[in-house]
Amino acid sequence: MNSIINNTILFKFLFIYLLIQISKCANLPGSWPPLDKPPPTSSAYTALVDLKKVPNAAVRSSSDSCPNTGSDPYCTWSCTNCIRNQTDYITCPNSGDWGLTFDDGPSPYTPALLDFLDAHNIKATFFVVGSRVVENPDILQRAYKSGHQIGVHTWSHPSLTTQSTEQVIAELQWTADVIKAAIGVTPKYMRPPFGDYDDRIRSICDQLGYKIVIWDRDTNDWLSDGDKSFNLNWVEGNFTQWVKEGGKAGHISLEHDLYSGAAAQGPKVVPILTTAGYNIKPVGTCLGTDSFYKESNTTLPVSSNSSSTPTNTLNTLPTNTNAPINQLNNPKTQSTPPSTPSSSLSQSTSLPAGKKSLAIKSSNFDHFLWSIIIGAILFNSAFIL
Ligand SMILES: *[C@@H]1O[C@H](CO)[C@@H](O)[C@H](O)[C@H]1NC(C)=O
Ligand SMILES: *[C@@H]1O[C@H](CO)[C@@H](O)[C@H](O)[C@H]1NC(C)=O
Ligand SMILES: *[C@@H]1O[C@H](CO)[C@@H](O)[C@H](O)[C@H]1NC(C)=O
Ligand SMILES: *[C@@H]1O[C@H](CO)[C@@H](O)[C@H](O)[C@H]1NC(C)=O
Ligand SMILES: [Zn+2]
């Protein structure tokens, strides 16, 4: 009798232990590189790119070291605002369209933003960091299922022109793979961290099948995390000003959903745009395609109610890409603000220790909670038996 009880309890314990292990993996299968560090290169990834076709632009020693003014043969946007209008998307081409984009998530602050967007049936584009996807796959799944566009924003958020070609490929492909593991599809769109890219990065992205999306309206909202003098009301102020600028020109704006203050501005700017008569669209849609992912030519995992007819290919280039360079906020300020160059990089290359441990703790806490519940059940069944 005793041994039967013990065996039963042992069996139950093993079974439940197994369930816990499975539930841990069920969220995001696979094993992933260390977070927020340049991921390992691999010959399988590198083989996806014909290295002979990649322009021989020098790997920059730092994001500060720009080519001499006046000679930028490799068209480095982060240095000279140089644009190749065959490959670079900086704005929604049609007047009245607004591409609302959020970078650096998914984070614990993304769900509140999604609550708002989903309640108002607004679809945005999220360029996500692979390391954050490992931490918050469920949040990415929610964004995808609600019909938002998911794009690649690298694994560890480096300035890409400072990385070797093999390393750039690894940054993109690890991120694409972790997104695929989380939501089952591979993005066709990417955004280079800090808007830092040149012809070498263009060629890599093109060969890997990513369209490069930057922006023509920058909120600089991410500065608010480290800079106490940054007034978050400026974000609304900026949008209010932008919608007044003539002609209802199409735009792509840059915001972030990694930190609470910046993420909380997302819901506030939406009414500014809609009241002004703008149609907020995922970038892929405003560029004339609903083909956001490599696996399929349809946009949405849920049945779409949009009146726009999806077109299969992105064969229409934006008409006004040769545009308002002077209206572009200098991307260099974004990558290296004058006062705190190193902290500007760390704003996005890594979460502040407190925030990172919060995300990790909460998932450990889940497992801890499960252990207590299961412990209680086992304890109970020991008495019943
Ligand atoms: C727009 O944001 C910038 C900071 O990025 C700020 O200096 C400026 O005052 C803002 N404009 C308005 C109208 O709020
Ligand atoms: C998507 O559309 C392109 C262009 O029309 C076509 O070549 C490709 O086979 C399509 N892919 C799928 C998965 O349907
Ligand atoms: C489309 O939207 C309308 C109103 O917003 C709703 O009544 C209708 O059921 C929706 N159709 C689908 C297919 O989602
Ligand atoms: C591409 O951009 C250049 C300069 O930015 C401009 O002169 C040219 O007209 C543009 N081409 C097209 C097809 O828009
Ligand atoms: Zn970023």
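In this text the structure is predicted, and so the values were computed from the model without any measurement. Whatever order the structure lists ligands and atoms in, that order sets their numbers, starting from 1.
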Answer yes or no as to whether an N/O/S atom of Asp103 is found below 2.8 Å from the Zn ion (ligand 5). no

With a 4.5 Å cut-off on side-chain heavy atoms, are Asp36 and Arg132 touching? yes

Name of the residue among Val54, Asp198, Thr87 meeting side-chain contact (heavy atoms from CB on, under 4.5 Å) with Ser203: Val54

Just checking, is any N or O donor in the side chain of Ser159 or Arg60 under 3.5 Å from an acceptor N or O on the other one? no

Which of parallel (below 30°), tilted (30 to 60°) and perpendicular (above 60°) describes Phe292 and Tyr189? perpendicular

Would you check if the side chain of Arg217 reaches a backbone N or O of His251 as a donor-acceptor pair within less than 3.5 Å? no

For atom 13 (C) of ligand 1, the protein heavy atom that lies nearest, with its residue and separation: Gln241 OE1, 3.2 Å

Tell me: protein heavy atom nearest atom 4 (C) of ligand 1, and distance? Trp234 CE3, 3.8 Å

Which residue from Leu223, Asp221, Asn220, Asn231 reaches closest to atom 5 (O) of ligand 1 through any of its heavy atoms? Asn220

Describe, in one word, how the ring planes of Tyr197 and Trp77 are oriented to each other, choosing from parallel (under 30°), tilted (30 to 60°) and perpendicular (over 60°). tilted

Which residue owns the protein heavy atom closest to atom 1 (C) of ligand 1, what's the atom, and how far is it? Asn238 ND2, 1.5 Å

When the aromatic ring centroids of Phe126 and His153 are compared, is their separation below 6.0 Å? no

Any N/O/S of His256 under 2.8 Å from the Zn ion (ligand 5)? no

Residue portion contacting ligand 1 (non-hydrogen atoms closer than 4.0 Å) for Thr219: backbone

His157 atom NE2 and Asp104 atom OD1 as seen from the Zn ion (ligand 5), angle to 10 degrees: 100°

With a 4.0 Å cut-off on heavy atoms, is Asn233 in contact with ligand 1? no

Which residue and non-hydrogen atom of the protein lie closest to atom 14 (O) of ligand 1, and at what distance in Å? Gly237 CA, 3.4 Å

